[in-house]
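Shown next, in structure tokens, is the structure this report addresses.
Every number for a ligand or one of its atoms is a count from 1 in the order of the listing. All figures in this text were calculated on a predicted structure; none of them were measured in a lab.
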Amino acid sequence: MKQPAPTHAVDMLIVGAGFAGLYMLHKARGMGLDALVLEAAPGVGGTWYHNRYPGARVDIQSMEYSFSFDEALQQQWRWSERYAPQPELLRYANHVADRFGLRDGIRLSTRMAGAHFDEPSQRWTVQAESGESWSARFLVMASGPLSSPNLPDFAGLKDFAGPVYHTANWPHEPVDFSARRVAVIGTGSSAVQAIPIIARQASELTVFQRTAAYAAPAHNGPLDREFEARIKADYAGYRARNRRMHGGFGSLLPPNPVSALAASADEREAAFEQRWKIGGFAILGAFNDLLLNEQSNALVAEFVRGKIRAIVKHPDTAQLLSPTHTIGCKRLCVDSGYYDTFNRPNVRLVDINQAPIERITSKGLRTSGGEFEFDALVLATGFDAMTGTMMRLDLRGRDGLRIQEKWHAGPLNYLGLGIAGFPNLFNIAGPGSTSAFTNVIVAIEHHVDWIADCIAYLDAHGLHTIEASEQAEAAWAEHVNAAARRTVFLSCNSWYLGANIEGKPRMFMPLAEGFPRYADHCAQVAHDGYVGFVLQ
Ligand code: NA7
């Protein structure tokens with residue numbers, strides 16, 4: 001197919017060629033829609049294109065973190081490890097693009113600048129930064145919940161004489177830290193994965209920590225071929241059982257259906273220990289109220305702190321590495337040797353909570369506690385999550401309503417899928433949906449299928465547009481908030497709350513009620529003729 005000419009008309013314009021954009025394109029084509037993906041990067045893969053820092057890998061097991069929509073794909077693709085590393089995930093994204101013939105529907109190196117809704121035609125005019133533009137009936141934001149890196153405004157950053165890397169925007173050529181003094185700022189999931197590997201290469205590694213992280217061991221290794229065969233014998237059944245789990249994964253190890261407070265100390269210890277040996281998120285299911293009740297949460301948090309004390313030899317370092325907030329309130333990190341790395345003689349940990357960074361200097365950085373010198377700086381400072389990418393766009397709905405105005409106090413929407421004033425715009429795996437608490441590929445497949453059904457409904461009923469009603473949005477915002485209030489998630493400064501970005505409005509963004517309830521809710525809305533949406 002020829003590249004579309006500027007001001008070309010398509011049925012659907014999709015923003016982003018990560019897993020969401022790829023599946024949306026495939027699905028749209030299957031419905032006979034003329035769809036086009038705009039992708040800012042020169043390759044497909046989204047998250048797995050950009051986050052190629054040392055040690056980057058998925059924190060959900062690969063037999064689960066993969067597409068389920070095509071039986072032949074899931075049978076034929078073979079993961080090498082229990083938790084796939086980034087290069088393999090990127091190969092998988094490319095394989096999907098090739099296998100389903102998607103490449104001719106993707107415009108790479110084409111960054112969307114904005115989109116305006118045109119009342120007379122009831123269509124979106126989408127502009128790229130290149131100046132090209134397209135007219136589209138539907139606009140699907142598949143731009144990802146974690147796609148705008150957070151680059152804190154450190155004074156003096158441009159004065160630093162050495163290279164500065166961000167984990168979410170890592171160079172494509174190999175970065176060699178050998179014989180170099182390296183600094184890492186941040187200790188979230190990305191840092192926890194990168195630090196053990198950088199420490200093995202660098203002559204010295206200094207880690208600047210604002211908040212200590214809870215990390216559970218991945219126990220990663222080659223994928224057990226017997227396990228793979230067992231899953232593949234009934235992959236569809238396994239996927240269906242996972243979709244009935246709270247996070248869209250983990251059906252082989254359901255949460256223990258009792259409260260941590262109902263168990264004896266010995267029973268608790270045994271349950272935590274058993275789940276720690278399994279690794280990953282398993283420990284948070286050792287009892288059914290660990291993320292709901294602060295007292296129960298404190299018990300598992302103390303268990304993990306005990307593990308940190310057992311692993312880290314120097315008591316002061318162990319103390320500093322021991323988080324004090326509720327566990328799971330920030331996403332639990334899944335690690336391979338993170339805490340043990342701090343036993344190495346070439347690694348030191350610096351507390352920037354007590355003594356914050358004052359400025360970056362040409363040779364390193366200065367905190368209120370002292371000067372530090374290094375040759376390369378790694379920012380593992382996360383993302384302006386869930387809303388950052390859309391809020392950077394010139395996105396205008398009916399009557400020129402700007403997304404920045406609409407979302408000035410937080411991301412209002414209905415079901416996470418539609419926004420009042422922004423007709424025929426769908427958001428995949430964004431705020432207001434269970435995305436961040438779900439195996440995101442399950443969330444993506446669910447959203448894409450829902451959007452496809454919705455478009456089929458519009459067409460079958462001779463309707464042109466659909467958008468959320470303001471009443472449904474207000475009720476949904478309360479629903480999302482109420483779900484968070486039933487958990488421990490409001491008790492710390494997480495990116496779920498927008499609290500990691502200075503000046504960002506604090507609103508709990510992902511829906512914490514669990515994927516099955518959310519999916520049932522979305523199905524009911526569709527079944528009832530898209531109640532809560534305005535259809536015209
Ligand atoms: P995260 O989890 O948001 O971690 C970012 C880290 O950077 C975290 O330790 C932050 O400390 C720290 N940070 C952020 N801004 C600053 C400033 N200004 N000064 C010092 N330290 C700072 O991002 P990741 O990339 O690791 O992981 C994101 C998600 O990707 C993760 O949840 C998984 O889903 C995969 P803080 O905790 O805010 O005090």
**Report entry** ligand 1 contact on Leu146 by region, counting heavy-atom pairs under 4.0 Å
**Finding:** side chain
Query raised in the report: Of the backbone atoms (N, CA, C, O) and the side-chain heavy atoms from C-beta on, which set of Ile357 has a member under 4.0 Å from an atom of ligand 1: side chain, backbone, both, or neither?
Result: neither
Query raised in the report: Taking distance alone, with no angle check, do Asp59 and ligand 1 share an N/O pair under 3.5 Å?
Result: no
Report task. Describe, in one word, how the ring planes of Trp450 and Phe426 are oriented to each other, choosing from parallel (under 30°), tilted (30 to 60°) and perpendicular (over 60°). Result -> perpendicular
Query raised in the report: Any idea how Trp170 and Phe177 line up, ring-wise: parallel (<30°), tilted (30 to 60°), or perpendicular (>60°)?
Result: perpendicular
Query raised in the report: How far is atom 9 (O) of ligand 1 from its nearest protein heavy atom, and which residue and atom name does that atom have?
Result: Thr187 N, 2.9 Å
Query raised in the report: Hey, what's the ring geometry for His521 with His479, parallel, tilted or perpendicular (30° and 60° as the breaks)?
Result: tilted
**Report entry** side chain to side chain contact (heavy atoms under 4.5 Å, CB included) evaluation trace for Met386 with Ser435
**Finding:** CA-CA 9 Å; Met386 310 219 83; Ser435 57; 3.3 Å; yes
Report task. Please confirm whether Arg210 comes within less than 3.5 Å of ligand 1 when only nitrogen or oxygen atoms on both sides are compared. Result -> yes
Query raised in the report: Are any of the side-chain heavy atoms of Leu393 and Met141 separated by less than 4.5 Å?
Result: yes
Report task. Indicate, as side chain, backbone, both or neither, the part of Phe208 found under 4.0 angstrom from ligand 1 when only non-hydrogen atoms are considered. Result -> neither
**Report entry** Lys330, any N or O under 3.5 Å of ligand 1 N or O
**Finding:** yes
Query raised in the report: With atoms numbered from 1 as shown, which atoms in ligand 1 lie under 4.0 angstrom from a non-hydrogen atom of Ile352?
Result: 20 (C)
